[in-house]
Every structure is written in structure tokens, then in C-alpha cells.
Amino acid sequence: MHQDVKEILYTPKQLAARVTELGRDISRDYKGESVVLVGVLKGAIVFFTDLARAIDDTVNVSFDFISCSSYGNSTTSTGVVRILKDLDRSVEGKHVLVVEDIVDTGTTLHYLLDNLRARGAKSVRLAALLNKPDRRKMDVHVDYVGFVIPDYFVVGYGLDFAERYRHLPYIGILKEEMYQD
């Protein structure tokens with residue numbers, strides 16, 4: 001375990017098992033359809049990759065990526081959402097499945113989901129590895145949830161603090177002294 005992590009919340013084995021289950025659910029729901037998986041950079045990239053591989057070949061999957069932020073290098077949302085990198089192709093008339101690492105306040109995802117619907121997507125759903133409902137400020141429905149967690153500051157498996165800890169193969173609770181001023 002990394003010295004800055006207080007406790008491991010989900011092991012690599014637990015993560016792999018849950019992602020496999022989510023892939024089965026998505027495969028069932030989109031069977032015979034085409035879907036654009038939209039990965040929210042950077043945090044969702046590890047989850048996105050594993051989830052894409054867990055979706056079976058009954059679904060025609062394509063990839064695109066978007067980067068939005070309402071955090072910067074802080075642990076709290078600023079409330080202002082910025083698109084830092086937009087999609088490469090139109091989603092008009094397409095099924096879209098947004099793949100996100102964590103739903104926290106909901107500010108960024110509320111904006112992003114509305115934005116994709118406004119672009120004329122046929123449907124817009126959300127898959128999130130972690131859902132933290134205790135911190136929600138904006139109403140966001142998560143269609144595919146990996147795990148519901150309490151208000152912990154977590155890192156690993158793509159999740160970071162100030163661009164650190166993304167490479168950890170598990171999800172752990174970051175020690176408070178690492179992010180408190």
C-alpha cells in the first residue's frame with residue numbers, strides 16, 4: 001500500500017469483478033446497438049479501458065473522449081465547468097454512454113450530460129465507477145454504478161489528487177494530511 005493511503009477501499013480483484021458485471025449489464029442493454037463510449041479524461045481512463053473490454057461483441061462500440069473540469073487542483077468544485085478537450089465527432093443520432101470515474105457534487109456531469117443531449121444524441125446514459133451521493137449538489141442519475149461510497153477522498157485506479165496516485169491498482173482513501181492545507 002502506498003504510504004499516503006490510509007486504507008484500501010477496493011482491491012484490484014474487487015474492481016475487476018465489478019467492472020465485469022457492469023460490462024455484462026451494458027452488453028445486455030445495448031445488444032444489437034451501436035454506442036459511443038465517451039470517456040471523461042483523465043480520471044476515467046483506467047475504468048474506461050477495462051469497461052470497454054468487458055462489453056461483449058453483440059454491441060458495436062466506438063470511443064471518444066472529453067475533458068471537463070470544475071476542480072482544478074483543489075478538492076472542492078468551483079461550480080464553473082470548463083470543457084478542456086471536446087469530442088472529435090458528432091454524437092447526433094447516436095447512443096452515448098458517458099464513462100466517468102466518480103460522481104461527486106454532480107456539477108460537471110450535470111453540465112456534460114445536458115450538453116450531450118443538446119447535441120442531439122439519441123440517448124445519453126452514465127456509467128460511473130464510484131458514486132458519492134452524500135456530496136451531491138446537482139441531480140445526476142447514474143445508470144451503471146460500480147460502487148456507492150461515503151464521503152472519502154479516494155485515489156487510485158485513475159483517480160488522483162493533483163495528478164498523483166492515478167497509477168495505483170486499487171482504490172484507497174487518501175490520508176487527510178496529504179490534501180489539507
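Every heavy atom of this structure was used, including side-chain atoms; hydrogens, water molecules and symmetry mates were not.
At a threshold of 4.5 Å between non-hydrogen side-chain atoms, the residues Tyr170 and Val5 count as touching. Taking 4.5 Å as the limit, every side-chain heavy atom of Asn60 sits out of range of all side-chain heavy atoms of Val35.
Here Tyr165 pairs with His2 under the ring-ring contact (aromatic ring centres under 6.0 Å, His included) rule; sequence neighbours left out. The salt bridge (Lys or Arg N to Asp or Glu O under 4.0 Å) test applied to Asp134 returns no partner, not counting sequence neighbours. By the salt bridge (Lys or Arg N to Asp or Glu O under 4.0 Å) test, Arg166 pairs with Asp160, Glu163, sequence neighbours left out. When the salt bridge (Lys or Arg N to Asp or Glu O under 4.0 Å) test is applied to Asp64, no partner is found at least two apart in sequence or on another chain. Looking at residues two or more places apart in sequence or on another chain, you find a side-chain contact (heavy atoms from CB on, under 4.5 Å) between Ser67 and Leu41, Leu84, Lys85. Listed by chain and number, the residues in a ring-ring contact (aromatic ring centres under 6.0 Å, His included) with Phe48 are Phe63, Phe65 (sequence neighbours excluded). Ser90 meets the side-chain contact (heavy atoms from CB on, under 4.5 Å) test with Glu92; sequence neighbours excluded. For the salt bridge (Lys or Arg N to Asp or Glu O under 4.0 Å) test, residues two or more places apart in sequence or in another chain that qualify with Asp25 are Arg28. For Tyr111, there are no ring-ring contact (aromatic ring centres under 6.0 Å, His included) partners at least two apart in sequence or on another chain.
Look at Arg135 and Asp104 and you find a salt bridge, because one of the NZ, NE, NH1 or NH2 atoms lies within 4.0 Å of a carboxylate O, short of that distance.
Within 6.0 Å of CG in Asp151 there are more than 12 heavy atoms belonging to other residues, nucleotides or ligands.
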Expected list for residues 124-133: side-chain donor-acceptor pairs under 3.5 angstrom, two or more places apart:
unit_1	atom_1	unit_2	atom_2	d
Arg125	NH1	Tyr144	OH	3.0
Asn131	OD1	Arg136	NH2	2.3
Lys132	NZ	Tyr152	O	2.7

Please tabulate, for side-chain N and O atoms in residues 51-58, each donor-acceptor pair with protein atoms closer than 3.5 Å (sequence neighbours left out).
unit_1	atom_1	unit_2	atom_2	d
Arg53	NH2	Asp50	OD1	2.5
Asp56	OD1	Thr58	N	2.9
Asp56	OD1	Thr58	OG1	2.4

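Side-chain contact, Asp143 with His141: a donor N or O sits under 3.5 Å from an acceptor N or O.
Listed by first and then second residue, the ring-ring contact (aromatic ring centres under 6.0 Å, His included) pairs that reach into residues 114-138 come to none, sequence neighbours excluded.
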